[in-house]
Amino acid sequence: MEAMFEEVRAIEARLSNMCVSVNLTTSSGDELKTLMRLASAVKNAADRVLAVAAAEIHQRSRHELGSAGLAKAEGHVNPQNMIAHLTGCSRAEAKKLDGLGKSIMQAAPLPRPNEALDTSDGSPLTPPWHAAISARMIAGDITPDRFEALRAGLGETTDRLSSAELSAAAEQVLSFLHTDDLPETVYRDARTARALLDRAGVAETEKEQYARQQAKIWRDREGMVHLNAVFAPEDGSFVKNTLDLLLGPRIGGPRSAGKKAVAEAQALADDPRTVEQLTAGALVALVKAGAAVEHSTVLAKKRPAVQIVVTAAELTRPDGDGIAFIEGTGVPVTMTTVDRLVCDSGYQPIMVAADGSPLDLGREHRLFQPAQRLVLNATQGGCVWPGCEKPPSFCEIHHIEHWHTGGKTDIQDGVLLCKHHHLLLHSNQWRIHRTTSHDDRYENRYWLTPPSSVDPRRQPRQLRFSGVVRRNPALATAGGDRKRA
């Protein structure tokens, strides 16, 4: 072990000296990006080492060891507290390392000198569903953050859901993994996979989330009124979408059309108040409006809504246990919720081909039409720029082939981009193109090529669609033959 310690000390010393001696102000953009990527790889490797060490701390602090366990013997309440003390990291980081350690310990319990594994019933120990991906994380195939997101999103086995099914779902999610996917994206995809496999669990979760919905309001001694609230996904999406609609020009929403709308947007963008102050003002205005007028007239011009996306296959399931998803979030909801929202707001049918590509709804107009917008929202799920998480409501539609050079307003030639990335594309010589090959997955035909100033080789980068409609059909099939428990 001493040789390992010396090697780690040497690495730490070299990195520390590098921070002191290197002047990054003279580095090029490519050099800075390379350094960030390499440093991130070092960090991920260090996180894996810490996770393995955390697993051993857990193993030596097992509940049955009592006060003789490592953590308690060292004066710590639990292994997580010990990890935080040894690393000097935040509680959130210690919790993550603690979770990674538990996962590794459960996946590969190792025999100890003079100890026997607990097989009191004589049966062999069965590894948990995440054993295979735990091994891949230790090997460096999956970053620790992505592993944690995947495991948390898929959850644990139940009477309705076996270890084999979760393992298969994990492999399916990983097959969709994009180079630039954030852990939040991995978690969302994993949660979607779980919903398709455990339909009864969607109803249970929806009920539990509504039970947690609450708002607390109080006045302090200075007379300031405080509000603290947590909302279930559906109601919370309505609240957030309403505020996004009102504050869009200030928080990166799509650009306005028409002189009056442009002037209003510019006034909001120039408002000296912070976004938080504007949000407070908007909430007060909404409460006043709601108290003064009929419900049907509030925000009549721009009525906010919660968009729910559901496929025909889910609508027609014989058991009535189909599921839908809140647009832009990937949060699953039951058909009961879909039926209620259809009664309130109606619905818009969207046709897609077998490969997930949208069928065109018209190409005779300069601008994309509302029906086409609905299709793109459902299939692409938000800004398609790699690594961007902006929802459809914050996006504009970009013509792959510009209209003035002969491009058509065809759904196949439209992609969703947030305002920031749309402007970047047009101003900095980025280009999006669609291949003519018929790949199994519709999204795999779209590529983003950077300018030579960003990448001298101009290596194309694959776009990432996240719409519910184009979810992995293999996952849908995996859950499609299951009967409601």
Side-chain angles (χ1 to χ4, degrees), residues 71 75-99 148 152 182-184 187-188 204-253 263-306 326 328-329 331 333 337 344 389-391 393-394 420:
H76 300 286
V77 177
N78 51 43
Q80 186 178 131
N81 184 268
M82 183 175 182
I83 291 168
H85 174 76
L86 290 172
T87 61
C89 63
S90 66
R91 291 185 179 181
E93 188 68 15
K95 183 178 180 181
K96 186 189 82 171
L97 287 173
D98 181 61
E148 188 278 330
L182 300 174
E184 291 83 359
Y187 178 81
R188 183 189 62 203
E204 294 171 1
T205 299
E206 196 173 47
K207 182 177 179 180
E208 183 269 336
Q209 287 175 329
Y210 267 107
R212 288 163 49 197
Q213 179 165 283
Q214 61 178 323
K216 181 180 179 182
I217 186 166
W218 71 98
R219 191 189 305 273
D220 64 24
R221 65 181 184 180
E222 294 181 358
M224 300 291 287
V225 175
H226 300 251
L227 173 65
N228 189 332
V230 58
F231 299 101
E234 182 194 338
D235 287 349
S237 293
F238 187 86
V239 173
K240 187 177 185 304
N241 292 348
T242 301
L243 293 170
D244 287 347
L245 183 66
L246 296 173
L247 303 177
R250 183 64 175 269
I251 57 177
E264 291 174 348
Q266 189 60 49
L268 185 60
D270 294 338
D271 195 303
R273 289 176 293 175
T274 66
V275 172
E276 291 75 15
Q277 290 171 326
L278 290 169
T279 301
L283 284 172
V284 171
L286 287 170
V287 172
K288 288 181 177 179
V293 300
E294 291 294 328
H295 173 72
S296 60
T297 64
V298 177
L299 288 173
K301 184 178 178 181
K302 291 185 177 181
R303 186 182 179 189
V306 177
I326 299 177
T329 70
V331 175
V333 296
T337 298
D344 178 58
E389 294 287 308
K390 290 291 186 183
S393 60
F394 273 67
H420 169 75

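These numbers come from the heavy atoms of this one structure, side chains and all, not from hydrogens, waters or symmetry mates.
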Kindly give the heavy-atom pair with the smallest separation between [X] and [Y], and that separation in Å.
X: Trp218; Y: Asn228; result: CZ3-CB, 4.0 Å
X: Asp98; Y: Ile83; result: CA-CD1, 3.9 Å
X: Ala94; Y: Cys89; result: N-SG, 3.5 Å
X: Asn81; Y: Val77; result: OD1-N, 4.2 Å
X: Ala269; Y: Pro249; result: CB-O, 4.4 Å
X: Asp271; Y: Arg250; result: O-NH1, 3.0 Å

Exercise for review: Please identify each residue that fulfils side-chain hydrogen bond (donor to acceptor under 3.5 Å, both in side chains) with Arg91, with sequence neighbours left out.
Suggested key: none
Practice item. Under the ring pair (Phe, Tyr, Trp, His ring centres under 6.0 Å) rule, collect the residues that match up with His85, sequence neighbours excluded. Key: His76
Check your understanding: Going by atom types alone, do Thr337 and Glu206 pair a side-chain donor with an acceptor below 3.5 Å?
Key -> yes
Practice item. Starting at CG of Leu245, measure out to CG of Asn241 and round the result to the nearest 0.5 Å. Key: 8.5 Å
For residues 275-285, dump all side-chain donor-acceptor pairs below 3.5 Å to protein atoms at least two apart in sequence or in another chain.
from: Gln277; atom 1: OE1; to: Thr274; atom 2: N; distance (Å): 2.9
from: Gln277; atom 1: OE1; to: Thr274; atom 2: OG1; distance (Å): 3.4
from: Thr279; atom 1: OG1; to: Val275; atom 2: O; distance (Å): 2.8

Check your understanding: Does some side-chain heavy atom of Glu148 sit less than 4.5 Å from a side-chain heavy atom of Pro183?
Key -> no
Review point. Can you check side chain to side chain contact (heavy atoms under 4.5 Å, CB included) on Leu243 and Ile251, steps first, answer last?
Key: CA-CA 10 Å; Leu243 293 170; Ile251 57 177; over 6 Å; no
Practice item. Salt-bridge test for Lys207 and Glu204: reply yes if a basic N is under 4.0 Å from a carboxylate O, no otherwise. Key: no
Exercise for review: For the pair Glu208 and Arg212, find out whether any cationic side-chain nitrogen is under 4.0 Å from an anionic carboxylate oxygen.
Suggested key: yes
Exercise for review: Look only at the side chain of Gln213 and the backbone of Ala232, and say whether a donor-acceptor pair between them is shorter than 3.5 Å.
Suggested key: yes
Practice item. Go through the steps for Tyr210 and Glu234 under the test side chain to side chain contact (heavy atoms under 4.5 Å, CB included), then give the verdict. Key: CA-CA 9 Å; Tyr210 267 107; Glu234 182 194 338; 3.0 Å; yes
